Amino acid sequence: MLIGFTLGRYFALRFVRTVLGVFLTVFALVYTLDFVELLRRAGDAEGASPGLMAQLSLYRTPAVAEGVLPFAVLFGSMAALLQLSRKLELVVARAAGISAWQFLQPGIFVALALGAFTVGIYNPLSAVLKQRSTEIEAKIFARSTKASSGKDLWIRQRSLDGQAIIRAETAIEGTTTLAGVSVFTFDEAGSFVSQIEAARASLHDGYWELSEARLLAPGVPPESYGTFLIASTLEPGQVRQRFTPPESVPFWQLPETIARSERAGLDATRYRLQYDVLWARPVLFVAMVLVAATVSLRFFRFGGVGKLVLGGVAAGFALYVARQVMEGLGASGIVAPPVAAWFPAVVGSLLGTLTLLYQEDG
């Protein structure tokens, strides 16, 4: 039996308010910490003004905050139900003949709606902003060794000119462009030939195009070039896939990315897993609401609420660990991506339902 429209809307607004409150609090905290870290990294980097760092942090934060969305639903649902219980509103609802399953309907509906919104709108937006942030970082930090994050990228290749080792400070996600590049070239015998430093390097079919390059070779004065070409046998698709994590691909572009990777003979398991994880997100949010309900429906006058809340936090953490383990197994190919993606959401929903059945119906 469905809950009444007026009461259902009231409960739904309470769920929305608390979930968004938790998420925005975490979002603001992540933004502040990231902004301070960017200011530290910026140092004397040219063009790294506080205003630009604030904008860059705003572009980076949505992708980081996306990872805490399930916990925002969990803690927000717990807060909403505890508030309703503390104000005896749930007692009144039960006295009016409304069961726990009925006043949980608005929370489940909100979870499904938020899940659909985060998959269809929030995820593509955060992925686009993350790619934009990578471009800004490449322009600002690529020339500044003080601002390096310490996570250099390395590529080794063989070509007609011999061997080359390419080091880059960052890669612009979704492209074949590297920034802050140093190329160490060797002849066929493995002897060092030269070092080339460049602001950027873009991989095309059969060659790397280096911009603002500076050639350093033993016994030869340094030479500067606006553009410098290096032969390569690497495929652009290989580089694009290697330096574009699945989390940086918008949801609506994942099917095309999967198809393109498979046509190129590349492993698309990580992208398939990400696609299935996003499809399973609304069900995962429902599981979080059910887990929250199992620890938040106890009347305050009975006491023991603190222990139940700690139990809910522990259950949410256990679900998170199970999700990470399954995703790790799915990414390595041990478990099929659909199984790895849907297992935590389905099992969490079933366990939450089973616990509620035991609590409410004996």
Side-chain angles (χ1 to χ4, degrees), residues 20-69 72 117-118 121-155 166-183 196-203 208-214 224-228 239-240 242-253:
L20 290 182
V22 172
F23 175 73
L24 291 177
T25 300
V26 175
F27 189 97
L29 179 61
V30 172
Y31 174 80
T32 302
L33 295 176
D34 189 63
F35 177 56
V36 172
E37 173 63 17
L38 285 176
L39 287 178
R40 185 195 65 79
R41 284 181 56 198
D44 299 328
E46 184 179 353
S49 64
L52 186 56
M53 293 300 97
Q55 180 185 2
L56 177 59
S57 182
L58 185 61
Y59 287 170
R60 287 158 50 104
T61 302
V64 179
E66 188 174 4
V68 303
L69 279 169
F117 174 80
T118 59
I121 298 178
Y122 183 90
N123 173 265
L125 179 62
S126 68
V128 171
L129 290 177
K130 190 171 186 297
Q131 292 179 8
R132 176 59 180 158
S133 71
T134 306
E135 296 176 8
I136 297 176
E137 283 187 88
K139 293 178 181 178
I140 296 175
F141 295 139
R143 290 301 222 177
S144 175
T145 56
K146 292 182 180 180
S148 175
S149 62
K151 298 179 181 179
D152 292 342
L153 310 174
W154 295 86
I155 301 176
I166 303 172
R167 182 195 67 83
E169 292 183 5
T170 186
I172 299 179
E173 296 170 355
T175 69
T176 59
T177 301
L178 309 177
V181 178
S182 295
V183 182
I196 307 167
E197 297 180 350
R200 292 190 176 215
S202 298
L203 179 62
W208 286 96
E209 180 181 349
L210 280 61
S211 304
E212 302 179 37
R214 188 165 178 261
S224 298
Y225 300 87
T227 301
F228 193 90
V239 175
R240 185 183 295 108
R242 178 176 178 181
F243 296 126
T244 303
E247 296 79 11
S248 298
V249 181
F251 172 74
W252 302 110
Q253 295 181 12

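Below, all heavy atoms of this structure are taken into account, side chains as well, without hydrogens, waters or symmetry copies. Just so we're clear, the structure is a prediction, and the values are computed from it rather than from any experiment.
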Engineer: Taking atom types as modelled, is there a side-chain donor on Ser202 or Thr176 under 3.5 Å from an acceptor on the other?
Structural biologist: no
Engineer: Please tabulate, for side-chain N and O atoms in residues 50-65, each donor-acceptor pair with protein atoms closer than 3.5 Å (sequence neighbours left out).
Structural biologist:
from  : atom 1 : to     : atom 2 : distance (Å)
Gln55 : NE2    : Tyr59  : OH     : 2.8
Ser57 : OG     : Tyr31  : O      : 3.2
Ser57 : OG     : Asp34  : OD2    : 3.0
Ser57 : OG     : Phe35  : N      : 3.4
Arg60 : NE     : Asp34  : OD1    : 3.2
Arg60 : NE     : Asp34  : OD2    : 3.0
Arg60 : NH1    : Glu137 : OE1    : 3.1
Arg60 : NH1    : Glu137 : OE2    : 3.2
Arg60 : NH2    : Asp34  : OD1    : 2.7
Thr61 : OG1    : Ser57  : O      : 2.6

Engineer: Answer whether the closest heavy-atom distance between the side chains of Asn123 and Glu66 falls below 4.5 Å.
Structural biologist: yes
Engineer: If every non-hydrogen atom of Val22 is compared with every non-hydrogen atom of Ala72, which pair is closest and at what distance?
Structural biologist: CG1-CA, 3.8 Å
Engineer: Rounded at 0.5 Å granularity, tell me how far OG in Ser49 sits from CG in Leu39.
Structural biologist: 9.5 Å
Engineer: Any idea which heavy atoms bring Glu135 and Arg200 closest together, and the distance?
Structural biologist: O-NH2, 4.3 Å
Engineer: Against Ile166, only a single residue in Val183, Ile196, Leu210, Leu203 fulfils side chain to side chain contact (heavy atoms under 4.5 Å, CB included); can you say which?
Structural biologist: Val183
Engineer: Kindly say whether Ser248 contributes a backbone atom to a donor-acceptor pair with the side chain of Gln131 at under 3.5 angstrom?
Structural biologist: yes
Engineer: Hey, could you give me the OG/CD distance between Ser182 and Glu169, rounded to the nearest 0.5 Å?
Structural biologist: 7.5 Å
Engineer: Is any side-chain heavy atom of Val68 closer than 4.5 Å to one of Val30?
Structural biologist: no
Engineer: Considering residues at least two apart in sequence or located in another chain, which fulfil the salt bridge (Lys or Arg N to Asp or Glu O under 4.0 Å) criterion with Glu209?
Structural biologist: none
Engineer: Please round to the nearest 0.5 Å and tell me the distance separating atom CG of Leu29 and atom CG of Leu24.
Structural biologist: 12.5 Å
Engineer: Look up atom CG in Leu125 and atom CZ in Phe251, then write down how far apart they are to the nearest 0.5 Å.
Structural biologist: 15.0 Å
Engineer: Locate the shortest heavy-atom distance separating Pro124 from Pro250; write the atom from each residue and the value.
Structural biologist: CA-CB, 3.8 Å
Engineer: How far apart are the C-alpha atoms of Trp208 and Val181, what are their side-chain angles, what is the distance that settles it, and do they pass the side-chain contact (heavy atoms from CB on, under 4.5 Å) test?
Structural biologist: CA-CA 11 Å; Trp208 286 96; Val181 178; over 6 Å; no
